[in-house]
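Structure, as structure tokens:
Computed from a predicted model, the values in this text were never measured in an experiment. Chain identifiers are assigned alphabetically (A, B, ...) following the order of the sequence lines, protein sequences preceding nucleic acid strands; residue numbering begins at 1 within each chain.
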Protein chains: 2
Amino acid sequence: MPRRSDARERMVRSAAELLREHGASATSIDLVLAHSGAPRGSVYHHFPGGRTQLIEEAVALSGDFIADLIDAAEPLAVIDKFFALWRRWLVDSDFRAGCPIVSVTVANETPRLAADAFGRWTDGLAASFAEHGVPAARARRLATFVIAAVEGAVVMCRAERSLAPLEAAAGEINELLTHTLRK
Amino acid sequence: MPRRSDARERMVRSAAELLREHGASATSIDLVLAHSGAPRGSVYHHFPGGRTQLIEEAVALSGDFIADLIDAAEPLAVIDKFFALWRRWLVDSDFRAGCPIVSVTVANETPRLAADAFGRWTDGLAASFAEHGVPAARARRLATFVIAAVEGAVVMCRAERSLAPLEAAAGEINELLTHTLRK
DNA sequence: GTCTATACGAAGATAGAC
DNA sequence: GTCTATCTTCGTATAGAC
């Protein structure tokens, strides 16, 4: 028995995982409880805002996690880590899990927080490109493009149950960046 | 009053539209009925397979629609039509509607038909690239990459309520293709 | 912080009348 | 082809005891 309950944190983490695997509308309180093992009785104690608050916190957590991953110096190293993360999530879930931010966006839930996450990722990647000789405007366009390509590739990987689309994106993007970044 | 009922077709079209705007899990029979104006009483007459069959037909219809659009000769013309379609769908829906195939994929509904749709789009685009001097293997990788980038950009556009991500993808892709295709 | 009980609506699906 | 129940399950949310 934990010294103090960690049910709240487990619920947020479960919600984030369920968003990735089942989509936003299917991520119900019941499913989160079953997945996290948290007790029903304290849901509205921990989340007075109900399901909405729970989803919002899961989106914020997921956005932060990837934003932190992107905040590194070397652009090509950042890209590598980015692709490695998606490769792992896809394979570990047998191609059932994708991006939680995409899940809430296509369900038109928490659009504000989704835009926030995409914005921070873009900022981080663009800064990394800019530090390596790419003009600011192009750096931002390139960062947006890279994130879009990866997100789209992840969706295609899930449908096709194969890493091929992600590897296609990795190949094309590496080639593009090799020619664009100042060495 | 129509000579024979067109309720069935209206339901499939409504389902496709609702998939784009509300996601797969939220596209309920009730919502389709309200949107299409079709009568409740004949749902299981037209769709003995219930909601599953209705969603499947909507996915197939949407997949066909875009596959037909892609089956054109000139690669750059195809890309232009592809981007124009998404631009229009995003703006006309005030950034609330995206790709129905993405919707069913992130909800893990009808994965077979989703893979089918992506596959046909990829085939069409790759064939177009190959006819213009791109080696077969690269043509396929490039086609996958382009579709992934567009799909990801559409999701980002919805979150940010802006066409910027789609225009970033359009710019980068046009540049890439200009250098890759045989003139 | 956690429990049980409960209210209420929406969902998918079926049965039988017309 | 369309109608009106009706069944069952699941969803969010609240109330009050412990």
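In this structure, the nucleotide among C/dA11, D/dT2, C/dT2 sitting nearest to the side chain of B/Asp30 is C/dA11. Considering only the side chain of B/His46, D/dG1 comes nearest among D/dG1, C/dG12, C/dG1. The side chain of B/Ser42 lies closest to D/dG1, out of D/dG1, C/dA11, D/dT12. Side-chain proximity of B/Ile29 to D/dA13, C/dT2, C/dA13: nearest is C/dA13.
Checked against a 6.0 Å centroid threshold, the rings of A/Phe118 and A/Trp121 count as neighbours.
The distance between atom CD of B/Gln53 and atom C1' of C/dA13, rounded to the nearest whole Å, is 14 Å. Taking atom CZ of A/Arg40 as the reference point, atom P of C/dT4 lies 10 Å away to the nearest angstrom. As a whole-Å value, the separation of A/Tyr44 OH from C/dA5 C1' is 15 Å. Between the CG atom of A/Leu33 and the P atom of C/dC3 there is a distance of 10 Å, rounded to whole Å. Here the P atom of nucleotide D/dT12 and the CZ atom of A/Phe47 are 13 Å apart, to the nearest Å. Between the C1' atom of C/dT2 and the CG atom of A/Asp6 lies a distance of 14 Å, rounded to the nearest Å. Between B/Leu31 atom CG and C/dG9 atom P the separation is 19 Å, expressed in whole Å. If you measure from atom NE2 of A/His45 to atom P of D/dA13, you get 17 Å, rounded to the nearest angstrom.
Between A/Arg112 and A/Asp116 there is no salt bridge, since no side-chain N of the basic residue sits under 4.0 Å from a carboxylate O of the acidic one.
In terms of hydrophobic clustering, with Ile, Leu, Val, Met, Phe, Trp and Tyr side chains grouped at heavy-atom distances under 4.5 Å, A/Leu33 and A/Leu19 are assigned to different clusters.
Both A/Gly41 and A/Gly50 lie near DNA chain D, and the one whose nearest nucleotide falls closer to the 5' end is A/Gly50.
Taking a 6.0 Å sphere around CZ of B/Arg8, one finds it holds more than 12 heavy atoms contributed by other residues, nucleotides or ligands.
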